[in-house]
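We name chains A, B, ... by the order of the sequence lines, and we start the count at 1 in each one. Small disclaimer: the values here were computed from a predicted structure and weren't measured.
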Amino acid sequence: MKKFINNPENVVEEMLEGMAAAHSDELRRLPGWNVLVRKDAPLPGKVGLVSGGGSGHEPAHAGYIGENMLDAAVAGEVFTSPAPDQILEAIKAVDSGSGVLLIVKNFSGDVMNFDMAAEMAAAEGIDTEQVVVKDDMAVENEEDRRGTAGTVLVHKIVGTAVEEGLDLQEAAELARHVIGHTRSMGVSLSPSTVPASGKPGFTLADDEMELGTGIHGEPGMERKKIQPADVVAEELLNNVTADLDVKNGEEVVVLVNGQGSTPLMELYIVYRKAAALLAGRNISIHTSMVGEYMSSLEMAGCSITLLKLDDTMKKYIT
Amino acid sequence: MKKFINNPENVVEEMLEGMAAAHSDELRRLPGWNVLVRKDAPLPGKVGLVSGGGSGHEPAHAGYIGENMLDAAVAGEVFTSPAPDQILEAIKAVDSGSGVLLIVKNFSGDVMNFDMAAEMAAAEGIDTEQVVVKDDMAVENEEDRRGTAGTVLVHKIVGTAVEEGLDLQEAAELARHVIGHTRSMGVSLSPSTVPASGKPGFTLADDEMELGTGIHGEPGMERKKIQPADVVAEELLNNVTADLDVKNGEEVVVLVNGQGSTPLMELYIVYRKAAALLAGRNISIHTSMVGEYMSSLEMAGCSITLLKLDDTMKKYIT
Amino acid sequence: MELTTNDMKQWLLTAGEKMQDNKEYLSELDQAIGDGDHGHNMARGFQEAADGVKGSGEEDIGSIVKSAAMTLISKIGGASGPLYGTAFLKASNEWKDKTSLTQNELAQGLEAAVEGVKTRGKAESGGKTMLDVWVPVVEYVQQRDLVPSELAAKAKESMEQTEGMKANKGRASYYGEESKTHIDPGAYSSYLLFEALAEALDKEEV
Amino acid sequence: MELTTNDMKQWLLTAGEKMQDNKEYLSELDQAIGDGDHGHNMARGFQEAADGVKGSGEEDIGSIVKSAAMTLISKIGGASGPLYGTAFLKASNEWKDKTSLTQNELAQGLEAAVEGVKTRGKAESGGKTMLDVWVPVVEYVQQRDLVPSELAAKAKESMEQTEGMKANKGRASYYGEESKTHIDPGAYSSYLLFEALAEALDKEEV
Ligand SMILES: Nc1ncnc2c1ncn2[C@@H]1O[C@H](COP(=O)(O)OP(=O)(O)O)[C@@H](O)[C@H]1O
Ligand SMILES: Nc1ncnc2c1ncn2[C@@H]1O[C@H](COP(=O)(O)OP(=O)(O)O)[C@@H](O)[C@H]1O
Ligand SMILES: [Mg+2]
Ligand SMILES: [Mg+2]
Ligand SMILES: [Mg+2]
Ligand SMILES: [Mg+2]
């Protein structure tokens, strides 16, 4: 394991100290908690937006704190859901009395910890709503689909909407609407290593890729010989467009996400093919995002996320 | 070599197509050339800013096209300087009659190709000035110092300044002033592989790091056993502060740059220590940047860049 | 049998030691069909809970277990944090103000714990989770005269049987059929927990 | 000797073949003390230049060489692009409107080329670069009766002597003392270039 760390046990603490120091104009840390909060939160009259999860997915989620995005991000240990008391502090810090929306990725740990936090918040008289992002098509059973890069689109759209005055129920409804129209699928070339364990999360042969690997290295759908970028892009895109049932004339947001060590150059090569295929099917791209939005430490790989737009969502895309 | 590419010979072309498609709101490609140009260039009355170099350093340089930044970026083959005719096209596309500033990283290939382009531009009646960034302290002889992440600070500061009306001479002078106050030093943990060669650029033992590796894998100053992040940060920072002669009470910009596959988490851990050391010496941080600004494909490693500020520069930092 | 305040403390202390001693093994189990953090999560949480016990005064069983529960909830994280935390929290409600438990009272607390885990995890036994140890162990405590060695054997046997089950909850579910060739990490940590209980009760009888 | 338009074309065609044939080797040399792209750069550039020659009509030597120079400048890239490009461009000025060159005229063109490389690269011979082949070869052409095999031998010998020199220009300079154990890639490609010239002249004499 070759990493710039001091002690595997302190990576999250030290990362948070670094983030708080580097971005003190925009955010602050809740003293004693692994929670970063928008500097001017709570914003009077605005629904608070809280997300979080295991660390190791940076810039998710602290990187999405700010105007038209999150009010707070809760950081768990690497690839491990944060505990309810941490989440509760985030909720309390951003609630202006208008309630707090919790944006959770669908992993059993995250869902349970956010559930408990919501119960604790209720006991303290704070309204919350919880939405669970399930965009990862690699899992067959819809209910078990993991939350991945699509989460960022929920942050963005709902973040803008609550800034424009949506109330808690409306925000939750919009978030569920976005989630219902978002699908992702990834492919990995090499694993990441969690500092505490020091061992790679999985192994792949030198000429192998895995379709559908989860953002923590959870097993995907299939391993096969590595394919040219265009073939990979087409396979990912076909899967998501089929499941979303995107049709001729419709409009989408495309997000090509890097998992950690895949160069931006390769992401653009993948994007190029995806864009060409969409153009060929007369599906127009409203917004394109190419980069590391939801990483998995130094995993090599990428994913394609598609959001099928309608007017409800479009007005909140800035 | 595990990469999402189609054919090693087409990576730059396909990347550029991807970039142009993804960011058609902000930039356009010059047809037939490996040049991306700000959509609204040339801007009447404004000095044009052109940078470029070998590909593989994304987001450098096309990612820095935009308001208060570059007007055009020229992309060479991977880690290979672009040719003069490409650069000339960029110059012609952004010149509004106010001349064009060329921001070049100090590699002999880049300098010679930009020199030739400037001569060709002169032959066509276009004024240019060329500034050569030499921030990489790993090279002893000052004249031979390579251009690395510090280049981005030149883009930003001079980009803002020309938007506010500086003329070509003033812009070149300001750029040289910024360059004179900028130093970087990096450390690498693993090499990158240029698609065309398919082989890693260098090799390091499992427990080894190299201080001062260049952004194309050029040899650094020293190889040694990998150290804790705090020790690494201190060594890098001490080197740059000493060379810049930053003193008690002065102000700096800090850029912690990721070389490709180093997770953001680690960059923040390195930043944390650098910030703490600066605070301890009563040097205040005006602006912090943490992320991949000048990458080297999938190289693992990071660098610290410091810019020693004065009022001349400060007014152009937004 | 009788379980005193001291026995309860001993249970938690021994559990802490066992999680620490088996940290690497638990994480290895989790590496195979999960994300490899279970041992670190459990060791971190139970260590803190044990530290809390050491620092506690002459309290009743309910408050000792409740404060352990809160520690587990806040320190384990992941999926097992809310589950173990909820289990101990539900049990602590049953053990409020008590300074000693009969077997029946012990069973009532454990029953509440199991219900808590099922609700929190939206799971039943048979899904290759910690429940596949908890459910048979609690049944044993409800239905038989508790003999510590038998209790430990029941936990061990149940844990071993999770090898061969197909996971349908938690991360292991993503492994599908492949999950069958491995013991569930949460089942293993639950076995350690009940082995610690058996040892705490055993000491008492000496 | 006499060098006709056809010989000039042959020189460029043969050079193109040699760069292609030695692409991997040149890049290997560059991998050791540079960035490993020299072979790819040279093969790409000279291939295009050779293609241009094939498509050219009955032009004079000056214009053939000039258009090859422009191709080299725009297709090689890196450090060697401007250097080889400048070399041929400067030579083409000397050979304007000529359809055949005497040895003296050949020497004048090569001399201008070397001056161009020195100015463009701010370099002198002895710095472990292509100049360490160009300078001795051009001196030979200036001072002796040109014998193709001797010309090739001079180029080869000069190329070999770059092993042992310490680089002070270009990427190789970052390698310091280490650069001494390797042949300079640009010197090797220049040797190939002059070997191609020797072959072109040799054919003529047959
Ligand atoms: N829904 C659930 N119901 C019951 N037990 C569960 C559930 N989900 C996970 N578990 C248990 O938790 C264990 C994994 O815990 P741990 O590795 O600490 O958390 P995570 O899966 O978040 O990394 C599993 O082995 C399983 O026994
Ligand atoms: N300043 C210079 N003067 C003369 N020759 C040079 C100079 N810099 C580099 N070279 C030559 O160029 C060769 C390297 O070319 P190449 O690998 O194509 O470019 P780059 O170094 O940009 O990758 C070197 O081996 C050397 O012979
Ligand atoms: Mg986990
Ligand atoms: Mg090169
Ligand atoms: Mg786990
Ligand atoms: Mg080279």
Side-chain angles (χ1 to χ4, degrees), chain B residues 8-9 12 33-34 53-56 74-89 107-117 119-120 136 138-141 143-146 191-202 212-221 296, chain D residues 23-24 26-45 47-48 69-87 89-90 116-123 127 129-130 167-179 186:
Chain B
E9 291 189 6
V12 173
W33 300 98
N34 290 352
S55 293
V74 193
E77 288 301 311
V78 179
F79 289 3
T80 299
S81 165
D85 50 345
Q86 302 276 349
I87 303 167
L88 177 64
E89 288 306 312
F107 294 96
S108 46
D110 293 80
V111 172
M112 289 190 276
N113 283 296
F114 276 86
D115 273 344
M116 288 188 83
E119 292 163 17
M120 292 170 173
D136 187 358
V139 180
E140 246 188 60
N141 182 357
E143 273 318 289
D144 294 340
R145 285 185 175 169
R146 301 176 284 239
S192 60
T193 297
V194 172
S197 98
K199 279 166 272 170
F202 56 91
T213 316
I215 58 170
H216 310 96
E218 295 92 346
M221 303 148 49
S296 300
Chain D
K23 177 163 98 170
E24 298 302 330
L26 286 170
S27 283
E28 258 170 54
L29 290 177
D30 195 33
Q31 184 91 357
I33 54 168
D35 58 353
D37 60 356
H38 188 59
H40 294 83
N41 296 344
M42 293 301 286
R44 184 175 53 236
Q47 190 57 54
E48 294 253 4
M70 298 316 289
T71 304
L72 296 178
I73 289 171
S74 85
K75 296 301 170 191
I76 299 183
S80 44
L83 293 169
Y84 278 107
T86 301
L89 196 61
K90 295 292 179 185
V117 172
K118 287 184 177 172
T119 313
R120 178 63 63 210
K122 303 191 178 67
T129 68
M130 57 177 72
N168 64 23
K169 281 287 159 189
R171 285 185 205 283
S173 65
Y174 309 129
Y175 288 78
E177 287 297 320
E178 202 193 318
S179 69

Taking all atoms of both residues into account, what is the closest heavy-atom pair of [X] and [Y], and its distance?
| X | Y | value |
| --- | --- | --- |
| B:Phe79 | D:Arg171 | O-NH2, 3.4 Å |
| B:Pro219 | D:Tyr174 | CG-O, 3.6 Å |
| D:Ile76 | B:Thr80 | O-CG2, 4.3 Å |
| B:Gly109 | D:Pro82 | O-CG, 4.5 Å |

Quiz prompt | Main-chain N/O of B:Pro200 paired with D:Gln31 side-chain donor or acceptor, under 3.5 Å | solution =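 Yes.
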
How long is the span from the [atom1] atom in [X] to the [atom2] atom in [Y], to the nearest 0.5 Å?
| X | Y | atom1 | atom2 | answer |
| --- | --- | --- | --- | --- |
| D:Ser74 | B:Asn113 | OG | CG | 10.5 Å |
| D:Asp35 | B:Ile215 | CG | CD1 | 11.0 Å |
| D:Asn168 | B:Asp144 | CG | CG | 8.5 Å |

Exercise. Return the option, out of D:Gly81, D:Gly78, D:Gly34, with the maximum number of heavy-atom pairs under 4.5 Å with chain B.
Key: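 Top count of heavy-atom pairs under 4.5 Å with chain B: D:Gly78.
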
Self-check item: Top contributor to chain B contacts, counting heavy-atom pairs under 4.5 Å, from D:Ile33, D:Leu83, D:Thr86
Solution: D:Leu83

Exercise. Under 4.5 Å heavy-atom distance to chain B, tell me which part of D:Ser27 shows up: side chain, backbone, both or neither.
Key: neither

Practice problem: Can you tell which part of D:Lys169 gets under 4.5 Å to a heavy atom of chain B, answering side chain, backbone, both or neither? | Solution: neither

Exercise. Give the intermediate values and the outcome of side chain to side chain contact (heavy atoms under 4.5 Å, CB included) for residues B:Glu77 and D:His40.
Key: CA-CA 10 Å; B:Glu77 288 301 311; D:His40 294 83; over 6 Å; no

Self-check item: Greatest number of heavy atom pairs closer than 4.5 Å to chain D - which of B:Glu119, B:Gln86, B:Glu9, B:Lys199
Solution: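 Option with the greatest count: B:Glu119.
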
Exercise. Take D:Ile73 and B:Met116 through the test side chain to side chain contact (heavy atoms under 4.5 Å, CB included) and record every step on the way to the result.
Key: CA-CA 9 Å; D:Ile73 289 171; B:Met116 288 188 83; 3.5 Å; yes

Quiz item: Are D:Asp37 and B:Val194 close enough, and set up right, to give a side chain to side chain contact (heavy atoms under 4.5 Å, CB included), and what steps lead you there?
Solution: CA-CA 9 Å; D:Asp37 60 356; B:Val194 172; over 6 Å; no

Practice problem: Heavy-atom distances under 4.5 Å only: say whether B:Asp115 touches chain D with side chain, backbone, both or neither. | Solution: both

